[in-house]
Amino acid sequence: QVSGTATDSGGAPVSDTDVVLYRLYDYDDDDVYDDYDYIDDVYTDDGTYSFEGVRGNRTYTVVASAPGYTRTVLGGGNDILAGTPFTPTADVALDPILMTRASTVSGTVSGVDGPAGGVYVELMRWDPFDEYFYGEDGFYTGDDGAYSVTIPAAGDYTLYLSLIHI
């Protein structure tokens, strides 16, 4: 069994947390992880999590996400391959995943006639490895043209605005 807690900066458990277990691969045996695979995920309403039946002699890490917090890998940051790895040989109690409050971006979309309602706003994350923008979240502005979006993790983002969205 692998278990742990997602906590805020004050050490309090973070509620409504989704924790994902990933297997890490080091193809070159150079202690630098090259790839990962999703293994399992659990939802926790009180910040505590556990994974049953995790195979030993393999290397893993965990990632926590919660509303209002940045996605955080065990050991800090948001890069799965740079997180703190662990290889269970028996039951493992991991160090807490220390989550930080997320930033938000908000504003109003306006046109020549005032606020623009019904505009599709999409948060796009730049991935330098793939050299591609990935959609993180999308929504329509209200009649007042207002939008607000939580940034899920550190990185480079662009807001994409569209009057037509299919």
Side-chain angles (χ1 to χ4, degrees), residues 1-26 30-56 58-109 121-130 132-139 141-142 146-160:
Q1 174 179 326
V2 173
S3 61
T5 305
T7 65
D8 64 17
S9 59
V14 175
S15 61
D16 300 323
T17 303
D18 187 35
V19 181
V20 181
L21 176 70
Y22 290 98
R23 181 177 177 194
L24 301 173
Y25 297 94
D26 178 6
D30 60 359
D31 294 326
V32 175
Y33 295 98
D34 305 296
D35 203 1
Y36 59 88
D37 276 333
Y38 164 91
I39 301 298
D40 197 4
D41 66 277
V42 296
Y43 170 81
T44 171
D45 58 2
D46 66 358
T48 61
Y49 64 89
S50 66
F51 295 97
E52 301 290 334
V54 178
R55 295 178 63 170
R58 294 183 179 183
T59 305
Y60 303 90
T61 196
V62 290
V63 179
S65 302
Y69 290 86
T70 59
R71 181 178 53 235
T72 308
V73 179
L74 180 66
N78 65 352
D79 183 352
I80 294 170
L81 297 175
T84 300
F86 64 91
T87 303
T89 55
D91 288 351
V92 176
L94 299 173
D95 290 337
I97 302 172
L98 302 176
M99 302 183 73
T100 57
R101 285 279 178 192
S103 299
T104 59
V105 174
S106 59
T108 303
V109 178
V121 179
E122 186 170 14
L123 179 68
M124 307 290 286
R125 177 186 50 84
W126 175 250
D127 186 321
F129 180 76
D130 291 338
Y132 186 81
F133 280 100
Y134 289 95
E136 291 285 330
D137 195 7
F139 46 88
T141 60
Y147 67 88
S148 181
V149 61
T150 299
I151 306 299
D156 295 322
Y157 295 90
T158 296
L159 284 178
Y160 172 78

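These figures come from a predicted structure and were not determined experimentally. Note: hydrogens, waters and symmetry copies are ignored here, and every other heavy atom, side chains too, is used. One is the number of the first residue; the rest follow in order along the sequence.
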Quick one, Thr158 with Trp126, criterion side chain to side chain contact (heavy atoms under 4.5 Å, CB included). Give me CA distance, side-chain angles, the key distance, then yes/no.
CA-CA 8 Å; Thr158 296; Trp126 175 250; over 6 Å; no
Are any of the side-chain heavy atoms of Ile97 and Thr5 separated by less than 4.5 Å?
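Contact flag for Ile97/Thr5 side chains = no.
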Please identify each residue that fulfils side chain to side chain donor-acceptor pair (under 3.5 Å) with Tyr43, with sequence neighbours left out.
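Tyr43 satisfies side chain to side chain donor-acceptor pair (under 3.5 Å) with Asp16 once adjacent residues are dropped.
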Apply side chain to side chain donor-acceptor pair (under 3.5 Å) to Asp18 and list each qualifying residue two or more places apart in sequence or on a separate chain.
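Asp18 satisfies side chain to side chain donor-acceptor pair (under 3.5 Å) with no other residue.
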Distance (rounded to the nearest 0.5 Å) between [X] [atom1] and [Y] [atom2]:
X	Y	atom1	atom2	result
Tyr33	Ile80	OH	CD1	14.0 Å
Leu21	Phe51	CG	CZ	5.0 Å
Thr61	Phe86	OG1	CZ	6.5 Å
Arg23	Asp35	CZ	CG	10.5 Å
Arg71	Asp79	CZ	CG	10.0 Å
Glu122	Tyr157	CD	OH	13.0 Å

Heavy atoms of other groups near Asp31 CG, more than 12 under 6.0 Å
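Atom CG in Asp31 is not packed in, count stays at 12 or less.
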With sequence neighbours excluded, tell me which residues meet side chain to side chain contact (heavy atoms under 4.5 Å, CB included) with [X].
X	value
Ser50	Gln1, Ser3, Glu52
Ala66	Val14, Thr17, Tyr69, Met99
Leu159	Val105, Val121, Leu123, Tyr147, Val149

Just do the side chain to side chain contact (heavy atoms under 4.5 Å, CB included) check on Asp26 and Asp34 with the steps written out, would you?
CA-CA 5 Å; Asp26 178 6; Asp34 305 296; 3.7 Å; yes
From Val54, Leu24, Leu74, residue fulfilling side-chain contact (heavy atoms from CB on, under 4.5 Å) relative to Tyr60:
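Of Val54, Leu24, Leu74, side-chain contact (heavy atoms from CB on, under 4.5 Å) with Tyr60 is met by Val54 alone.
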Under the salt bridge (charged side-chain N to carboxylate O under 4.0 Å, His left out) rule, collect the residues that match up with Arg125, sequence neighbours excluded.
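By the salt bridge (charged side-chain N to carboxylate O under 4.0 Å, His left out) rule, Arg125 matches Asp127, Glu136.
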